[in-house]
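Note sheet for the following structure.
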Amino acid sequence: MKDLNEMSQTDQESAVDVLKMQARGVDVFYGAGGRTGSAAGMAADLAADKNVTHAIKGVDVDIADKTVTAFIGPSGCGKSTFLRVLNRMNDTIEGCRVTGKVTLEGEDIYDPNVDPVQLRAKVGMVFQKPNPFPKSIFDNVAYGPRIHGLSSNKADLADIVERSLRRAAIWNEVKDRLDAPGTGLSGGQQQRLCIARAVATSPEVLLMDEPCSSLDPIATAQVEELIDDLRSRYSVVIVTHSMQQAARVSQKTAFFHLGNLVEFGDTDKIFTNPSDPRTESYITGRIG
Amino acid sequence: MLSILTAIVVLGGLGFFLGRQRAIASAGGDARILHSLPVYYGTNVALLTVVPAVLVLGVWLIVQPMVIAGAAIDLIPEQGVTQAGSRDLVMSDVRRLADGINTGVERGAFTAAEAASLDTATTDIRAVLADVGVALGTDVEPAILAAAQRSRQMSDTASTWMQVIVLGLAVAGLTYAWLRTNKDLRARNTVERAILGLLITASTLAILTTVGIVLSMVWESANFFQLYRWQDFFFGLEWRPSFEGGSELGLIPLLWGTIYISLIALLVAVPIGLFAAIYMAEYASRRVRSVAKPLIEVLAGIPTIVYGLFALITVGPLLRDYFAAPLGLGTSSSSVMTAGIVMGIMLIPFVSSLSDDIINAVPQSLRDGSYGLGATQSETVKQVVLPAALPGIVGAILLAASRAIGETMIVVLGAGAAARLDLNPFEAMTTVTVKIVGQLTGDTDFSSPEALVAFALGLTLFAITLCLNIFALVIVRKYREQYE
Ligand SMILES: Nc1ncnc2c1ncn2[C@@H]1O[C@H](COP(=O)(O)OP(=O)(O)OP(=O)(O)O)[C@@H](O)[C@H]1O
Ligand SMILES: [Mg+2]
């Protein structure tokens, strides 16, 4: 494992042997209405349309397996949008069109034969705003495992729930009130509950959209620990506004600006020796 | 009356301008120094002009006839009152005559002076008034004439006094408020309090009306229960009113009919309405939605009597010929089933549009959370959206139920008017509301238990729907708390 990481750090573009997801030439448009047609022609067509928001412009990103990738960039640059490209959550937004090619383990996830529901079980997501279901804490975490039939019996399910809550660093706070509604927790607790909920489904890739924006430093540290721990088995993609956090938890960093991927590479390199002047201005706090 | 109101309004308008002007003048023309915007000063003066005057006017208009009636009745001998039946009847004669004389003066039958000195011995008042188009029921008695004359005289004086006092009050209010207007007056706060007062009055009126309705029902029901044993009413299994006496007025068959029909209606309306709502809210594209939703809501605009006709002409015979008769369950085209189904159709838009709103109110982030965990759309709807919306949906269903219970027209035309206690859904039955109408139409004697029972029925119905509504409100409130 260590070797592979080392290798990827010295030669980022060729680390394909541990590639988990790959995006090539991805464009995202909002407000595209019900337009259909061939992807290639449409992208150009939509890009020319003034009423359409061109949120992501020709982005290429490689998500390596067992790696934490951080997306950074100023507000509104398209980080969340691109994150949703990776598990096709944009499908649920009316008028949102995605063009380009995204693969998960070599398989095109936008292929008509791919079931987005199946995909999302493999590529889990934690949202920018905590969104616990109005159910008990236990049922919130058990939701995914129940849907996907991950547990064979009750004890098994309880086990999964406990493990997930522990990993999300919230077990001690809720272990005595698993029957209480998840919506009754504090904002930070809710966010950790949502992380536990996502972890419980054992996704192969976990997408986290600013998971720590409502957490205190202690919980943040715990979530970062969790991310580090998840890395041993999954890929993690994290959107963050905290440069320190990106530097602490990630191995790869992608810097977005106005829908463009400005720079993508090893975190160490981006933070110490960025090649694009815009990246440098952003991480030193001059744009954004 | 109208002129005095107009005068008050004009004074109010005048007050508005004067007040505004004085406020601006007191600030030396610089509106920024004022405590409140100039409009508030104007409104403040206008309010003080109009409100006390109108209040006094209102009270006056209520009290004046009472006082006059009290004075006029004294002129009528005791025996005259007993002869006519009651004070109210006598007074209505007096009022009619007084009005008639006034009209006569207006139309030139006699001069004002002649009118004041009318005498039953020398003039046939009835004939004279008939000539100018005022019809009196009987010949005029001297005592009645005297009472009418006194009431005319008193109302003349009273109207003059009223005008003086009310207009005086308006002018006084205007002057007082205008004098008090200066740049430091907190006119905005005063206006704010006046608005608060208005809102409180409105809600008090709403509550008082409800209380009034309930009290009148309770009063009449109490009369009923003095004539009829309450045990026989609440537990009686027979409904057989007869105006010759010896009626059996049991609630149970009617209540059973009501519940049975409402139940069938809900069995039709709830699944269809709910599924339609789920489709509209969760699956339909915007275009389908924009067409289908108004179409469903058209159903809500159809008057219930039209539904009743539909039940009578179409659904009833259809059910009889294709279900009831072949199954050997009866040959009546009016049936519980007919009314229930048609009422269910009527309730569909009610359930669907309420549920649709409630489902739409479930935050999108919950759906995203569920999709993000790899749930399908129907799993999301079933396990996240519906549970979150459930309390609201239950509230919608209970509201629909209380409408079903109160429905009359569809029942009359669909299920008939025969009270029966039966399990067969193809049998004609009837409901509480139909019987309330039945007992009160035609010649009714409001002192007989057969008529008064309508109030007891109404009260029972009211109690049932009230409980349902309270239950619904409690549930809906609980639902609101979840997202706040
Ligand atoms: N549902 C939507 N409909 C239309 N436009 C959208 C929608 N969601 C995002 N956008 C637009 O797409 C662009 C990128 O938005 P996105 O949410 O991806 O930004 P972000 O980088 O995540 O910002 P933040 O850091 O504030 O979360 C913005 O210009 C935004 O206005
Ligand atoms: Mg975002």
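Note on naming: letters A, B, ... go to the chains in the order of the sequence lines (proteins, then strands), and numbering restarts at 1 for each one. Keep in mind that what you see is a predicted model, and the values were worked out from it rather than measured.
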When the 4.5 angstrom heavy-atom criterion is applied to B:R286 and chain A, the contacting part is both
Okay, B:S370 and chain A: the region with an atom under 4.5 Å from a heavy atom over there is both
For [X], I'd like to know if atom [atom1] has over 12 heavy atoms of other residues, nucleotides or ligands within 6.0 Å.
X      : atom1 : value
B:R186 : CZ    : no
B:F471 : CZ    : no
B:F275 : CZ    : no
B:M409 : CE    : no
B:R289 : CZ    : yes

Kindly compute the distance separating [atom1] ([X]) from [atom2] ([Y]), expressed to the nearest 0.5 Å.
X      : Y      : atom1 : atom2 : value
B:Y371 : A:D91  : OH    : CG    : 11.0 Å
B:D368 : A:I93  : CG    : CD1   : 7.0 Å
B:Q383 : A:K135 : CD    : NZ    : 5.5 Å

Inter-chain contacts: [range] against chain B, heavy atoms under 4.5 Å:
range                       : answer
residues 147-163 of chain A : A:I147, A:H148
residues 198-210 of chain A : A:A198, A:T201
residues 117-133 of chain A : A:V117, A:R120, A:A121, A:V123, A:G124, A:M125, A:F127, A:N131, A:P132, A:F133

Residues 344-352 of chain B vs chain A, non-hydrogen distance cutoff under 4.5 Å, contacting residues -> none
So, the part of A:R84 with a heavy atom under 4.5 Å from chain B: the answer is neither
B:V362 versus A:P134: any side-chain heavy-atom pair under 4.5 Å?
-> no
Quiz prompt | Close side-chain approach of A:T92 to B:R367, heavy-atom, < 4.5 Å | solution = no
